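Have a look at the structure below before the remarks.
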Amino acid sequence: MKATRKLPKPTQSTSSHCNNFKDGAVVKLEAETIVSPNDAHSLDGNCNSAETVKVSPPKPVQTKGCFVFKPSANKRRKTPTVEDYFTHGCEDTENSKLRFRNCQTLWEKMKADTELLQDELNRKILDSLLAFIRKSVSTFQRGTDDWASRMRAHEIPTAALVLGVNVPDHDMTFQCLSDQLQQSVTPFVVSVQATECAALNHMLQRVLERLMGTSVSVDNEEEPEQRSTNVNQKRVHCSLITLCNWYKTVTKVCSYCKEHPPIVVIFKDLEAFNPKVLQDFILICSRYVEQLPLMFVFGIATSPSTIQHMLPHSVSSLLGIELFQSLSCTQHLASVIDKVILTSQFPFKLNGKVLQVLVSIFLYHDFSVRNFINGLQLALLEHFHSQPLSVLCCKEAAALVHATELSHRDVERLQQLPSFMRYVEEQGPQEQVELLTSDDHVKEVCQKLLKDLCKYHKNYYPTLRCLHILTASLPKYPLGKQIRELHISCLEKNVWENDEYVSAMQLLRMMAKDELTSALQKCAEILKSVKTKKMRATLLEMKTSRRTKKMSQFEILRDQALEFIDSLVRSHLAPPESQPLYEVCYYSSSAVLRRHLNATPRTSIQTALSNPYHYLKNEDLRAEDGTVSNAAPDICIVYKLHLECGRLINLYDWLEAYATVVSAAEGKDPDSADFGKVDELKHARFIQAVSELEFLGFIKSTKQKTDHVSRLTWGGC
Amino acid sequence: MAAQLQHLGYEDEKLQRVMERLPCRDVQASMLLALMGEQCSYPSIFIYGHRATGKSHVIHTLLKELELPYATVSCVECVSVGLLFEQVLLSLFGSDSASLLSRSPSLSDFVRVYKQLCVQASAKQTRYIVLDRAELLRDMEANLLPAFLRLQELVEDNVTVILLSEIVWDKFRPNTGCFEPLLLHFPDYSKGELQQILSEDSHPSYSPELYSAFINILLGVFYSVCRDLRELRHLAALHFSKFVEPLEQGKESDTHKLWRNIEPHLKKAMQTVYLREVSSVQWEQQLQMEEKEAGVVRGLSAHAHVELPYYSKFLLIAAYLASYNPARTDKRFFLKHHGKIKKTNFLKKHEKTSNHLLGPKPFPLDRLLAIFYSVVDSRVAPTASVFCQISSLVTLQLLNQVGHDDQLDAPKYKCAVSLDFILTISRCVYPMLYCPLVTDWNHCQTPASAAL
């Protein structure tokens, strides 16, 4: 089993996705037993490692890992483009190019939209932060004129930026912040991370290097070499005195620096810093506060009180801390969902289960909006990759054109769609025959159905918003507090059949008059903005009902209005499964997504060890539940035997048991003398299998008893 | 005072000026002046006293105003000994001197270079080396502190080393013994002295008398809790604008009425600002806000709530339970059919002291996960993300990884959050119905923890 050593290969370990762990295991097991490269190739298609590769063109590094075992390596000299990866292994290659283009344009639009949205969300907090920094600059410049600022001249202005627990998501915000600072306030911005500042001298070195290194290239060219060598020489003694001198020369030389731009130090992840190092750094900086206009930005993931936990009063009194709280990540997610998912703008949709998977990963595991968007991208790619009919998943006009250009094979696929079959069954017999025989007729109907689908989407979202506005203020939120919950329940089944819907409608009838009218007013605004033909007629009705409501016949009008809402819901909020051709737009394989995004490395390893057939697909290995065939790889046998032991395992007993099993596999006579005898070969195989188990983290050597190992997992007996 | 000092050979004018700048430190200053001499002086002086008692200020003013050759170094800044030597040489002998030192100089290098430079520029005056925060010298190389104490002998020059620290000399004395420096204590300022010093930085647009009256009021409120000059100065700067507000509006000039105006304000400030929870700027903003709506001032500690993913909350709760419950009791708390345990012998004697007083105990990863699976209400797959969350809780400092020889196979952790924090979290996770259950666990840990 040499392949185990291949596990930490750079190609596989570089990818951040945990799923690769599993894939690594798969490839490893293949490599062990299968000699013929052709077999390996065919197996590749069976296990999902190939799929992971195909659907993730943004990470080309990941892809190499799987092609390492491919026989046709000589043809892969030219580096394949993203498109090649996409088309390779596609269900249907003829229109895959088209699908790829569709997918790309759609994704670019979505990406641009989300980025715009995130910029907007960040803008508010960044603006206030910039204003704070500018203000501190001006107080530094005014110097001793102002009594109040003179009194707090010894404080280093500090912004505590609370950004939520998902630290990787902060990178973008900090990038944005430092860009904006460099553009409009000061060229001297440094950001430091905890990992690079293990000790005080490292921290000083980082700050100095980044400050002095960058600006050498920016301003005067007279002595850049000298200065850079200077930095290198002084590396041992990098101190703030050096920085002070440098700052003086820089501000003297360059013209725009006359007004003393501040030096902003951004601590990206405050919690991870060593408190001692941070304290010392602040103490040192405060000694130079009169010569250097220093300023700090603390990136805080948990809560502002961490500052107090990390810094004693003697240090925190040197800082003038101001607090900036960013939008909570759940609100952030809500606005992303609102912009990208709850809109008819994008033809690509997620079905209820898929959306549920993405949202639950967010809420239960990481609170990361970035991961949510990545998951969305994965779903998009998967959809376009696995569904040949996704050629039709684009803007309405283009989709109609594509519909006329469908090939015969595609038409067949179309006819096999469950939703289309359901549609056919509802038609008259004459029509049915035509739909099943004539390609052209199918194409025509397809265009009509596509139009219907578009219309369905256009009506669905405004109605959903209306219903949400009405129910969001009800006590106990019968239909969910967030619009996404309502959306998911609408996607799953007819929402009006839910008990919750019925009770919500009853509650609405009991609502106070002013609350109800204000909610209805908001609904009317939403409907107005949509301007669908059908809506417009009903809108008038709504308005009149609202106007007259203030009179005594409030109850009658209220019932009318609610009935109207109910009818809207019944006509427009039917689940997408009821619409013909919904498969074109809706991505529904939640299991695939879950497997990719929320990997279970431990379960995979355990499956591989306890049921090798699951991955190897070798008929000899097929076994009944809970048993392992004698012919299984050594490690599987050893694993199975170790499950029967307690916390401590006697190695010799283990070896004997192993030898018995292996002898049986060799077909030896159980009564013969050397049955179950340990020879050198078996011994070596056993030792190797045990060390592999140790490598995988199931056992470790123990000091309690010399000839024993201890188990690190529980259960199994 | 100046008359007594005349014989020291400094100009009267200079002495006068120095003494004016050192209010309430006459005794210490004259003592130092008496110690400092032209021809020969004591090798080392150790000055100690609390924070903000004027140690550095007195020394620096004396040395600067009397134009004596001196080098002042803060030991915090000296990440390496080389940096310390370099700074001393730079400020005593000018910019070229440091280049004589090798890349990572030892103490003998320093002494050699010092001697060399000393011969070139022999001094008429005593040289002074001031080492601020000298307690950090103890953590550097062992020979450094004793060597600095008798540097005069080593370099054969007229040099005095002055050590400044907040710690008493007894804590410095090395085991091997060393040269005993002269000890000089800077006592805390009395209330009257504080009043005098604080009154000096008066606002330019108001009369010194008014400011002095304000300081009087301020000390009346805060003196009982805070005697730190720096903190008081900060408080004065913070509240003066509020104090003079009625004057600005032209309504009031009577000090007594001003006092009544400011007093409730200062009382409120006593809760938060002493901790510097909000910055002075934000405090002022909040004051303006309060005019419109009467809200409580929210400091940093008011924002203690942390938003966490759902399973992270459970992991944290599980970690807390694992840290504060004895492992023996797990079976009883987390297993449905644990069998009967006699209440009387359930807890051993040493376990009866509150676990909260003893602090968190380390626990292995396995135990954390076992408790996690029994605490969380639904079935959770052991996915990679659950393990990721544990490590991100560690980086957020909510859990601590305990140093252990077996970091890979059996890592150990400690819970680093307080009971209050856990209670807040469990209130989010469990609906109100189950809330008593959680607190019940905490009470179950030890009978004594209920007293907390």
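Keep in mind the model is a prediction, meaning the values are calculated, not measured. Note that these values count all heavy atoms, side chains included, but never hydrogens, waters or copies made by symmetry. Within every chain, numbering begins at 1; the chains are lettered A, B, ... in the order of the sequence lines, protein sequences first and strands thereafter.
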Quiz item: If you tally heavy-atom pairs under 4.5 Å against chain B, which of A:V165, A:L270, A:T603, A:V162 wins?
Solution: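 Looking at each option in turn, the highest pair count goes to A:V165.
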
Quiz item: With chain B, which of A:M310, A:H309, A:Q279, A:H365 has the greatest number of heavy-atom pairs at distances under 4.5 Å?
Solution: A:H365

Rounded to the nearest 0.5 Å, how far does [atom2] of [Y] lie from [atom1] of [X]?
{"X": "A:N166", "Y": "B:S392", "atom1": "CG", "atom2": "OG", "answer": "8.0 Å"}
{"X": "B:D366", "Y": "A:L712", "atom1": "CG", "atom2": "CG", "answer": "7.5 Å"}
{"X": "B:E231", "Y": "A:S317", "atom1": "CD", "atom2": "OG", "answer": "6.5 Å"}
{"X": "B:R51", "Y": "A:H313", "atom1": "CZ", "atom2": "NE2", "answer": "6.0 Å"}
{"X": "B:Q389", "Y": "A:Y364", "atom1": "CD", "atom2": "OH", "answer": "12.0 Å"}
{"X": "A:T302", "Y": "B:L308", "atom1": "OG1", "atom2": "CG", "answer": "8.5 Å"}

Quiz item: Is there any salt bridge (charged side-chain N to carboxylate O under 4.0 Å, His left out) pair reaching into residues 378-387 of chain B, and which pairs are they, with sequence neighbours excluded?
Solution: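 Listed by first then second residue: nothing to list.
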
Atom [atom1] of [X] with >12 non-hydrogen neighbours under 6.0 angstrom:
{"X": "B:Y206", "atom1": "OH", "answer": "yes"}
{"X": "B:R367", "atom1": "CZ", "answer": "yes"}
{"X": "B:H60", "atom1": "NE2", "answer": "yes"}

Structural part of [X] lying under 4.5 Å from a heavy atom of chain A:
{"X": "B:S74", "value": "both"}
{"X": "B:E307", "value": "both"}
{"X": "B:F314", "value": "neither"}
{"X": "B:V386", "value": "both"}

Against chain B, label [X] side chain, backbone, both or neither, depending on which of its atoms sit under 4.5 Å from a heavy atom there.
{"X": "A:Y288", "result": "side chain"}
{"X": "A:L363", "result": "backbone"}
{"X": "A:S314", "result": "both"}
{"X": "A:D280", "result": "both"}
{"X": "A:V167", "result": "side chain"}

Any idea which heavy atoms bring [X] and [Y] closest together, and the distance?
{"X": "A:L240", "Y": "B:E77", "answer": "N-OE2, 4.4 Å"}
{"X": "A:E271", "Y": "B:T395", "answer": "CB-O, 3.7 Å"}
{"X": "B:V76", "Y": "A:I284", "answer": "O-CD1, 3.8 Å"}

Exercise. Tell me, please, which residues at least two apart from B:A381 pass side chain to side chain contact (heavy atoms under 4.5 Å, CB included).
Key: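 A:T600, B:T383.
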
Practice problem: Report the C-alpha separation of B:Q397 and A:T306 in whole Å, then their side-chain angles, then the decisive distance to 0.1 Å, and conclude whether the side chain to side chain contact (heavy atoms under 4.5 Å, CB included) test is met. | Solution: CA-CA 9 Å; B:Q397 304 271 302; A:T306 35; 6.0 Å; no

